[in-house]
Protein chains: 2
Amino acid sequence: MVARYERIADELRDEILTGVHPVGAQLPSEAELAERHRAARGTVRQAVAVLVAEGLVGSRQGARRIVLGNARSQSFAELHSFAQWARANGYRFEGQVIRQHRRPPSAAEAARLGPQEVLDVLRLRSLEGEPVLLERTAYAHWIAPAVEALPPECESVTEALYDSAGLVFAYGEHLIDAVSAGAQDARLLGVRRGSPLLRQRRATTTYEGRPVECSDDRYRAGSVAFSIRNSLGANSLVRRAGDLHFGA
Amino acid sequence: MVARYERIADELRDEILTGVHPVGAQLPSEAELAERHRAARGTVRQAVAVLVAEGLVGSRQGARRIVLGNARSQSFAELHSFAQWARANGYRFEGQVIRQHRRPPSAAEAARLGPQEVLDVLRLRSLEGEPVLLERTAYAHWIAPAVEALPPECESVTEALYDSAGLVFAYGEHLIDAVSAGAQDARLLGVRRGSPLLRQRRATTTYEGRPVECSDDRYRAGSVAFSIRNSLGANSLVRRAGDLHFGA
DNA sequence: TAAGGGAACTTGTACAAACAAGCGAGCCCT
DNA sequence: AGGGCTCGCTTGTTTGTACAAGTTCCCTTA
């Protein structure tokens with residue numbers, strides 16, 4: 001059962017994406033949309049709130065809402081899972097475990113995942129036949145057995161863990177910066193040592209807030225970019241000081 | 001006049017940040033919060049929705065809400081304006097225009113800003129005395145005079161343009177990736193040619209959706225990172241294919 | 001002609017009520 | 001002891017109403 005406001009949001013998003021409401025144009029008023037869909041104004045407001053949160057629509061008191069963009073914004077899953085993102089965009093991709101072993105957690109990992117041993121996995125992923133992403137992931141102790149049971153060439157770890165252990169990645173925190181390729185990075189990604197990599201460090205938890213993994217993912221420069229739309233009202237991406245001068 | 005739900009949100013956020021509700025703990029139920037603040041349930045829902053959007057709180061049907069994090073998330077302005085971000089975080093910073101001239105727009109710029117001449121500004125910014133950020137910004141024709149009127153060592157362009165022209169940057173689209181430093185980048189930022197830079201390309205518009213600027217900002221590696229919190233429900237940061245194989 | 005003052009429209013905030021849906025704990029039965 | 005079930009609690013969805021606040025545009029007035 002899909003909620004009413006979601007169906008209205010889907011329909012509106014579709015109209016934006018197909019150009020019925022081009023970029024810069026005004027959206028119908030809430031009253032108009034409410035009548036068209038035979039819904040209460042509150043329901044319509046929830047629907048457009050979805051589009052505002054996606055950055056497709058701009059909204060301010062007193063003025064009609066306007067269309068800001070017409071690019072589909074992807075889901076949490078696609079941000080979180082390389083495989084789901086690549087599949088949703090129709091890319092050819094592979095994955096391969098290079099190394100996998102248990103070890104004591106680092107200080108930073110212990111703070112997030114707890115003091116028990118973590119499962120350290122080094123995974124190389126390729127897009128359109130070329131190596132693109134190197135993942136260094138530390139899995140929490142309690143999920144380690146399920147990860148070890150996966151085949152080394154497993155396409156989507158996220159989906160496999162859901163199927164085998166019922167695990168759902170629900171919340172994530174991501175830190176994005178640029179680093180230069182180390183010796184191992186360079187060898188596995190097929191770039192020169194010192195060449196730029198886009199790094200995404202992330203920590204994810206289950207619905208209950210239980211920590212699942214910490215990861216250091218490094219993308220070959222030029223292979224992927226992260227995109228965000230924001231507005232004065234609300235945004236969640238923030239700039240943070242790195243550790244150049246500030247020792248964090 | 002601050003909205004009721006915002007005051008409730010502020011109070012709740014404060015309780016989370018000060019540890020009254022530690023990470024992993026349950027938040028009071030909506031009914032409880034409603035009674036405590038003598039507000040309707042809907043108003044309380046609006047308040048917690050703010051915190052959910054900030055990534056501080058996780059929410060799912062049937063279960064009590066839980067605290068996910070306790071780091072303050074910054075505002076749109078701080079993401080958009082280097083000066084406002086640096087000031088809010090108590091850093092020492094400077095800015096200096098290196099070069100400034102009018103020129104015809106590139107194809108990409110013309111698509112966003114229109115066919116008229118743009119004002120191209122090259123600006124170097126430093127943090128704690130070290131050069132950290134190189135901004136290459138193209139301002140739309142209509143705002144160019146106001147930008148040219150600014151002093152070359154202007155600290156905050158965003159604020160100066162608000163004061164002088166009443167300009168408000170309201171919506172932005174950002175694309176984040178890693179590139180290697182070119183000759184000019186290297187010289188001005190004081191790094192070796194080819195060393196990694198974190199690049200943020202952005203396009204911003206006014207409230208009315210009128211394009212203001214396109215910019216290519218390059219941060220020295222290690223100086224800043226971008227941070228995002230997201231959840232299965234909603235997120236706006238997405239991964240995008242770069243132009244390595246896909247010619248975008 | 002230009003400035004000023006509304007009036008109509010549109011979005012934002014707040015309240016109240018009802019039902020749906022999911023979670024968790026405790027209870028009962030085997 | 002363990003498994004299954006029910007019941008109460010909690011969050012999600014929807015409707016309706018009322019007023020506040022900001023925008024837009026037209027019309028009046030100087």
Side-chain angles (χ1 to χ4, degrees), chain A residues 1-12 21 24-53 56-68 166 168 170-171 205-210 231-234, chain B residues 1-12 21 24-53 56-68 166 168 170-171 205-210 231-234:
Chain A
M1 184 52 191
V2 183
R4 192 102 119 95
Y5 78 88
E6 284 191 69
R7 270 180 298 163
I8 298 176
D10 289 343
E11 189 176 320
L12 258 178
H21 306 297
Q26 293 186 335
L27 241 48
S29 74
E30 289 179 1
E32 209 172 319
L33 289 171
E35 200 195 359
R36 183 191 306 173
H37 292 92
R38 317 266 160 154
R41 193 182 148 218
T43 306
V44 171
R45 280 183 68 77
Q46 268 188 92
V48 293
V50 172
L51 303 184
V52 170
L56 285 178
V57 168
S59 192
R60 62 182 168 138
Q61 189 173 17
R64 284 278 266 264
R65 277 178 258 258
I66 55 171
V67 179
L68 291 176
V168 176
Y171 305 112
T205 71
T206 65
Y207 269 129
E208 298 86 19
R210 194 174 187 191
S231 67
L232 252 183
Chain B
M1 184 52 189
V2 183
R4 186 92 177 267
Y5 79 89
E6 282 191 69
R7 271 180 297 163
I8 299 177
D10 289 343
E11 189 176 319
L12 259 178
H21 306 295
Q26 292 186 336
L27 240 49
S29 75
E30 288 179 1
E32 210 173 318
L33 289 171
E35 201 195 357
R36 182 191 308 174
H37 293 92
R38 317 268 159 146
R41 197 182 147 218
T43 307
V44 171
R45 282 182 67 77
Q46 246 180 307
V48 294
V50 172
L51 303 184
V52 170
L56 286 178
V57 168
S59 192
R60 62 184 167 137
Q61 190 172 21
R64 284 278 266 264
R65 277 179 259 259
I66 55 172
V67 179
L68 292 175
V168 176
Y171 306 112
T205 71
T206 65
Y207 269 129
E208 298 86 21
R210 192 173 188 192
S231 67
L232 251 182

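The sequence lines fix the lettering, A, B, ..., with proteins before strands; numbering per chain opens at 1.
With sequence neighbours excluded, no residue forms a side chain to side chain contact (heavy atoms under 4.5 Å, CB included) with A49(B). Scored by the side chain to side chain contact (heavy atoms under 4.5 Å, CB included) test, V50(B) finds Y5(B), A9(B), R13(B), E54(B) as partners (sequence neighbours excluded). Partners of E11(A) according to the side chain to side chain contact (heavy atoms under 4.5 Å, CB included) rule, which considers only residues two or more places apart in sequence or in another chain, are E15(A), H37(A). With sequence neighbours excluded, no residue forms a side chain to side chain contact (heavy atoms under 4.5 Å, CB included) with Q61(B). Applying the salt bridge (Lys or Arg N to Asp or Glu O under 4.0 Å) test to E6(B) and every residue at least two apart in sequence or in another chain returns nothing. Checked against salt bridge (Lys or Arg N to Asp or Glu O under 4.0 Å), R60(A) has the following partners two or more places apart in sequence or in another chain: E208(B).
One atom, CD1 of I8(A), and another, C1' of dT15(D), lie 12 Å apart when rounded to the nearest Å. In this structure, the OH atom of Y207(A) is 13 Å from the C1' atom of dG12(D), given to the nearest Å. Counting to the nearest Å, the C1' atom of dG12(D) and the OH atom of Y5(A) are 8 Å from each other. Here dT15(D) presents its C1' atom at 17 Å from NE2 of H37(A), a figure rounded to the nearest Å.
The main-chain N or O of L27(B) is found under 3.5 Å from a side-chain atom of R64(B) such that the two form a donor-acceptor pair.
The nucleotide whose nearest atom lies closest to any side-chain atom of R41(A) is, among dA14(C), dG12(C), dT13(D), dG12(C). The nucleotide whose nearest atom lies closest to any side-chain atom of A3(B) is, among dT15(D), dT13(C), dT14(D), dT13(C). Checking dT15(D), dT13(D), dG12(C) against every side-chain atom of R45(B), the shortest atom distance belongs to dT13(D).
Look at T43(A) and you won't find any side-chain N or O under 4.0 angstrom from OP1 or OP2 of dT14(D). The shortest distance between the side-chain N/O atoms of R65(A) and the OP1/OP2 oxygens of dG22(D) is not below 4.0 Å.
Within a 6.0 Å radius of CD in Q26(B), more than 12 heavy atoms belonging to other residues, nucleotides or ligands are found.
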Set out, line by line, the N/O atom pairs under 3.5 Å between protein and nucleotides 3-5 of chain C.
none

Just the table, please: protein N/O against nucleotides 23-26 of chain C N/O, every pair under 3.5 Å.
unit_1: dG24(C); atom_1: OP1; unit_2: R60(B); atom_2: NH2; d: 3.0

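The nearest pair of heavy atoms linking A39(A) to V44(A) is CB-CG2, 4.5 Å. Contact detail for I66(B) and Y207(A): the closest heavy-atom pair is CD1-O, 3.3 Å.
Only S29(B), E30(B), listed by number, bring a heavy atom of residues 26-36 of chain B to less than 4.0 angstrom from any atom of DNA chain D.
Among residues at least two apart or in separate chains, side-chain hydrogen bond (donor to acceptor under 3.5 Å, both in side chains) pairs with a member in residues 42-51 of chain A are E30(A)-R45(A).
A donor-acceptor contact under 3.5 Å is not formed by the side chain of R4(B) with the base of dG12(C).
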